[in-house]
Amino acid sequence: MATIDDEGVEGLKSGIEEHLSVVEEKIMSWETDESMIWDSGPDEAFEYLSAVDEARKLIQGLENRCLNGEDEKELLRRAHDVLQLAMQRLEEEFKYLLVQHRQPFEPEHMSFRSSEDDGVDVGSMVSFGDESFEESARRDSVSRTSEECIIDLVHPDVIHDLKCIANSMFMSNYDHECRQAYVIVRKDALDECLFDLEIEKFSIEDVLKMEWGTLNSKIKRWVRAMKVFVRRYLASEKWLCNQIFSELGLANFVCFVEAAKAPMLQLLNFAEAISIGPHQPEKLVRFLDMYEVLADLLLDIDALFPDEAGSSVKVEYHEVLKRLADSVRATLVEFKNAVATNTSTNPFAGGGIHHLTRYVMNYLRLLVDYKDTLNLLLKNDRSVPVLLSPDSSPSTEDESTSNDFSGGVSAMTLHLQSLTSILEVNLHEKSKLYRDASLQHFFLMNNIHYMAQKVKNSELRVIFGDKWIRKHNWKFQQHAMDYERATWSTILSFLKDESNSSNSSISRTLLKERLQSFYVAFEEVYRTQTAWLIPDVQLREDLRISTSLKVIQAYRTFVGRQMYHIGEKHIRYNAEEMQDYLLDLFEGSQKSLHNPHRR
């Protein structure tokens, strides 16, 4: 015969079983329904979450009782099964909402396939022979106040639903499944973002095997994408995590890191591959671009990955930044070595501006845009040699090149002046390939003038200073005067009036011979030096005028004084014709006075 207590226990069990059956019926009703709960309206979603909450409370109540009978254990098993089914369903609903209500990512200025990817630019230059070488928010908390950085990656209307599902799964001890569902969906979204930004997956080996033209284009895309991905997308991703998991402890940080880690390491692996590759000079600008974007985003990264969960990303980021800094320094050294060891077996045709000079000076012009970065990276580099150009001495060289780092001269200034000194040494060596002394000076005049003008007419002027410009103006002017002496001193000596006052036939014969020797020498100069080239229009005109003043004045004086003794029939050219012929010099197109082919 049952006691009153037994009747009470049986009644309680009956009530629990009835309650469980109601919850079970609600949850099981959706197992055969292919539609999604949250598509059926807020009431259905609320009822389902309420049923899940009831199942969880039943389990807690049963576990708090001393379960002795098999009936009670069976109730607990049924409750766990119901809750597990509900968690599986909530996981599906959670993924569905994240995917179905994802917002399209449209970063500003995202026209990456532009014409510049196909055109020639600074990064595509691969040799000295190529003459075309001329190109905040509170992030610590990623708060919603950072409007310029945050975009809605998932539609705001479903954030509350996602948060309710996450809270329910976490309270039911299915936090791992919830985090995993979030990470899977959002990692795919992050991968798609990289795809939209045209970032491809490459192994280090793939990167190292790429031709420079292809690699250069990929680096430019990486630089543009990096800032968009970190500042816009990752900041927004963290904001999304905060919205959904804000009440669940460290879950927001963990979910964010797990979703963002692989895409971030993909980006960093590319930068690492670039840093360990060859340090050819043409890569320096790209190294600097990559270093600057990483340095610019450093505070963002430290804020996005502040805790231990994100330490692996942060550590790798700092390491890659350091490697790129080392690559910049190593590439500068490599560039200096390349300039110093650039040799020629034949003299440069026409004595014009050598490809090496154009390359180096345009290279230096590009580096001005990275002045602050280079000063930072080079300030502790003591490897800069104090180089003197061949015609200088310690007492005449610019004072700035002999100062140490404490003397107020920037590290970049020392490095760039060192490079121009190396270039000058090389140019003097190249000038020795000419057998004609006048052409040696002509070549140096052209090249040093080009160097001086590049500095004077660009931002390099601030780096090098007016004193450097004045010194190099003096240098090329000296070479211009040396050219004139080497070319015309002997020729004009034929026109010196050294005859005595006698009208003897010997004196007349000597005058005629000297005049004829002058004509022969002049015509030879015309034949050879019309093929010489001065690319700079002003320098060409200045040298023509200077030469003309000396030659025409000497010729006029000689002919005027000696016409009576020589006779008009021996005069080949009048002064005006001679002056016109001198205007043909330095055009880079050889002509002859026997067939002048006047323009």
Side-chain angles (χ1 to χ4, degrees), residues 98-99 102-119 121 123-124 137 139 142 146-155 183-204 206-207 210 212-241 256-275 283 285-301 303-305 310 313-314 316-317 320-321 324:
L98 284 172
V99 172
R102 210 177 95 191
Q103 298 277 75
F105 177 54
E106 298 175 353
E108 297 173 356
H109 314 299
M110 208 181 77
S111 62
F112 292 105
R113 287 194 178 92
S114 60
S115 59
E116 68 174 306
D117 288 333
D118 304 315
D121 78 317
S124 65
R139 300 189 187 100
V142 196
S146 304
E147 291 294 339
E148 71 277 13
C149 296
I150 303 302
I151 56 176
D152 290 312
L153 300 178
V154 173
H155 200 286
V183 169
I184 289 172
V185 173
R186 294 310 304 164
K187 183 180 177 301
D188 287 344
L190 288 167
D191 287 340
E192 189 171 326
C193 171
L194 290 183
F195 179 80
D196 291 340
L197 294 172
E198 300 184 24
I199 298 298
E200 304 167 69
K201 285 186 179 180
F202 296 110
S203 67
I204 290 177
D206 292 335
V207 174
M210 281 185 193
W212 173 237
T214 301
L215 188 58
N216 176 47
S217 177
K218 307 236 177 258
I219 292 174
K220 289 191 291 182
R221 290 183 182 180
W222 182 93
V223 168
R224 291 194 296 266
M226 191 74 188
K227 191 170 287 189
V228 173
F229 186 73
V230 172
R231 287 234 168 104
R232 298 280 288 170
Y233 208 97
L234 287 191
S236 300
E237 186 66 43
K238 191 164 187 178
W239 167 247
L240 178 62
C241 280
F256 169 74
V257 171
E258 289 182 2
K261 183 176 180 179
M264 270 304 301
L265 291 180
Q266 177 186 336
L267 288 164
L268 293 176
N269 285 342
F270 178 81
E272 180 184 7
I274 297 297
S275 70
K283 295 183 179 180
V285 169
R286 294 292 164 246
F287 284 146
L288 285 164
D289 286 338
M290 297 181 80
Y291 176 87
E292 285 194 342
V293 75
L294 288 184
D296 185 45
L297 294 172
L298 192 56
L299 292 178
D300 298 78
I301 293 297
L304 287 168
F305 302 94
V313 173
K314 191 159 60 174
E316 181 65 16
Y317 191 96
V320 170
L321 185 64
L324 284 171

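Heads up: numbering here begins at 1 and tracks the sequence.
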(request) Would you name the heavy atoms of L190 and A259 that are closest together and state the gap between them? (result) CD1-O, 3.0 Å
(message) Could you check whether any side-chain N or O of D206 sits under 3.5 Å from a backbone N or O of S203, counting only pairs where one atom can act as donor and the other as acceptor?
(response) yes
(request) Measure the shortest side-chain to side-chain distance between E316 and E272 over non-hydrogen atoms and say whether it is less than 4.5 angstrom. (result) yes
(request) With rounding to the nearest 0.5 Å, note down the distance linking CD1 in I150 to CD in E237. (result) 10.5 Å
(message) Are L194 and L267 packed together at the side-chain level, in the sense that at least one heavy-atom pair is separated by less than 4.5 angstrom?
(response) yes
(message) For L265, is there any backbone N or O sitting under 3.5 Å from a side-chain donor or acceptor partner on N269?
(response) yes
(request) Indicate yes or no: at least one non-hydrogen side-chain atom of D289 is less than 4.5 angstrom from one of W222. (result) no
(request) Could you pull out the closest heavy-atom pair between A235 and L304, with the gap in Å? (result) CA-CD2, 4.0 Å
(message) side-chain contact (heavy atoms from CB on, under 4.5 Å), that's the test. Do I274 and R286 meet it? Break it down for me.
(response) CA-CA 9 Å; I274 297 297; R286 294 292 164 246; over 6 Å; no
(request) Quick one: closest heavy-atom pair of L324 and A271, and the distance? (result) CD2-O, 4.2 Å
(request) Take atom NZ of K314 as the centre, draw a 6.0 Å sphere, and report whether it contains more than 12 heavy atoms from other residues, nucleotides or ligands. (result) yes
(message) The test is side-chain contact (heavy atoms from CB on, under 4.5 Å); show your working for M264 and V230 and say whether it passes.
(response) CA-CA 9 Å; M264 270 304 301; V230 172; 4.2 Å; yes
(request) Using a 4.5 Å cut-off on heavy atoms from C-beta on, say whether the side chain of V154 contacts that of R186. (result) yes
(message) Quick check: closest heavy atoms across Q266 and E200, and the distance to 0.1 Å?
(response) NE2-O, 3.4 Å
(message) Assess whether a salt bridge exists between R231 and D296, defined as any Lys/Arg side-chain N lying under 4.0 Å from an Asp/Glu carboxylate O.
(response) yes
(request) Give the intermediate values and the outcome of side-chain contact (heavy atoms from CB on, under 4.5 Å) for residues L215 and F270. (result) CA-CA 10 Å; L215 188 58; F270 178 81; 4.1 Å; yes
(request) Indicate the atoms forming the closest heavy-atom contact of S236 with I151, along with that distance. (result) OG-N, 2.8 Å
(request) State, yes or no, whether a side-chain contact exists between F287 and I219 at a heavy-atom distance under 4.5 Å. (result) no
(request) Decide whether a cation-pi geometry holds between K238 and F256; the criteria are a distance under 6.0 Å from NZ or CZ to the six-membered ring centre and an angle within 45° of the ring axis. (result) yes
(request) Taking all heavy atoms of F305 and all of G310, pick out the closest pair and write down the distance. (result) CB-O, 3.6 Å
(message) So, taking the atom named CD in E292 and the one named NZ in K227, what distance separates them when rounded to the nearest 0.5 Å?
(response) 9.0 Å
(message) Please check this pair: side chain of Y233 against backbone of L153, looking for a donor-acceptor N/O pair closer than 3.5 Å.
(response) no
(message) Are the side chains of M226 and M290 in contact, using a 4.5 Å heavy-atom criterion?
(response) no
